[in-house]
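First the structure, in the form of structure tokens, and then the observations on it.
Atoms within a ligand are numbered from 1 in the order they appear, just like the ligands themselves.
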Amino acid sequence: MKRIGFIGLGNMGAPMARNLIRAGHAVTVFDLQRTPVQTLVAEGATAADSALAAARDQEIVISMLPAGKHVHGLYLREAGILQVVADNTLLVDCSTISADEARTVASAAEQQGLTFIDAPVSGGVAGAAAGTLTFICGGPADAVETVRPVLETMGKAVFHAGGSGAGQIAKMCNNMLLGVLMIGTAEALNLADANGLDPALVSEIMKASSGNNWALQVYNPWPGVMETSPASRGYEGGFLTDLIVKDLGLAMDAGLKANVSLPMGSLASALYRAHSASGNGGLDFSSVLRLLRGIDPTN
Ligand code: NAD
């Protein structure tokens, strides 16, 4: 049993914290919103009335916030949590942010004698609820090993990608590929439909052929083909277009800094941004099919 402070109880953070509570850890929670705090307190968490209070006197602090500016606000502001945590507290940020933003926090932590790990996740809201996330960690190997049993109560796989920031780089590589393959899958199904073929049948054909991929297996973008995919519930919930836009932006920045060509990622980034600008930012990213089909988001 560990004493854990958990900050950020949104779509991902709340179910992650719930799995820690279920595993028997002593979890103190904080979010700017009161409702998720109250829900988790009813399930066994302790409420903190500020992020600082949640971080004090813990063995591990986990944050799950929207973007880099929130993570910097939490850790780096003058009265940020680096100033209040106990000497041996391990800091674990699971938000998806840039590698540079993660490294900035890690080096500020190091100056205070603390260790900060970037540990973004893959697996989505369903994976967070089921405790089957993949954690992709960057930071000192011994710190990753220390936190591994705790992460394994929220996930099925924990990888150590390398030094500080490496978790974020590996995560953005994955999400860039995810963004590309979702558009490619939508494009192939649209071609099938435009030629009078049944997208459900063509999905089965591709699943048994060399075009098989994760979108076809568990996240088919064509409405009605897969009962459990967001496409079959009007693209509500799931992984928002605006989040893939953010992640592709992080990948494009990292590509620019490393001077590598990212032609497919760049095109995917432009297409999802256009899709978001047409009013689809709050829909699941597989709704990019609508961009290809010219469907008005208000219909
Ligand atoms: P979310 O917007 O649902 O939740 C973020 C939570 O952080 C909110 O409840 C908000 O009130 C809280 N918050 C913001 N600033 C805070 C602060 N200073 N102190 C305390 N709480 C604060 O976002 P999410 O979907 O849970 O995603 C979190 C992170 O995980 C993002 O970086 C996202 O890119 C990444 N991610 C999301 C998914 C997904 O499918 N949703 C999958 C993998 C990774």
Can R233 and D284 be said to form a salt bridge (Lys or Arg N to Asp or Glu O under 4.0 Å), step by step? CA-CA 10 Å; R233 46 173 197 268; D284 181 77; over 6 Å; no
Can a side-chain donor-acceptor contact be found between K246 and T96 if the only test is distance below 3.5 angstrom? no
Will you find, in the side chains of N220 and S229, an N or O donor that is under 3.5 Å from an N or O acceptor? no
Salt bridge (Lys or Arg N to Asp or Glu O under 4.0 Å) between E145 and R148, worked out: CA-CA 5 Å; E145 288 317 308; R148 180 184 291 274; 2.9 Å; yes
Report the residues that fulfil salt bridge (charged side-chain N to carboxylate O under 4.0 Å, His left out) with K257, sequence neighbours left out, ordered by chain and then residue number. D100
Can you list every pair where an N/O of ligand 1 is under 3.5 Å from an N/O on the protein?
{"residue": "ligand 1", "atom": "3 (O)", "partner": "N11", "partner atom": "N", "Å": "2.9"}
{"residue": "ligand 1", "atom": "3 (O)", "partner": "N11", "partner atom": "ND2", "Å": "3.3"}
{"residue": "ligand 1", "atom": "9 (O)", "partner": "D31", "partner atom": "OD1", "Å": "3.2"}
{"residue": "ligand 1", "atom": "9 (O)", "partner": "D31", "partner atom": "OD2", "Å": "2.7"}
{"residue": "ligand 1", "atom": "11 (O)", "partner": "D31", "partner atom": "OD1", "Å": "2.7"}
{"residue": "ligand 1", "atom": "26 (O)", "partner": "N11", "partner atom": "N", "Å": "3.3"}
{"residue": "ligand 1", "atom": "26 (O)", "partner": "M12", "partner atom": "N", "Å": "2.9"}
{"residue": "ligand 1", "atom": "32 (O)", "partner": "L65", "partner atom": "O", "Å": "3.1"}
{"residue": "ligand 1", "atom": "32 (O)", "partner": "P66", "partner atom": "O", "Å": "2.8"}
{"residue": "ligand 1", "atom": "32 (O)", "partner": "T96", "partner atom": "N", "Å": "2.9"}
{"residue": "ligand 1", "atom": "32 (O)", "partner": "K246", "partner atom": "NZ", "Å": "3.0"}
{"residue": "ligand 1", "atom": "34 (O)", "partner": "K246", "partner atom": "NZ", "Å": "2.9"}

Distance-only polar pair, side chains of D242 and S276, donor-acceptor under 3.5 Å: yes
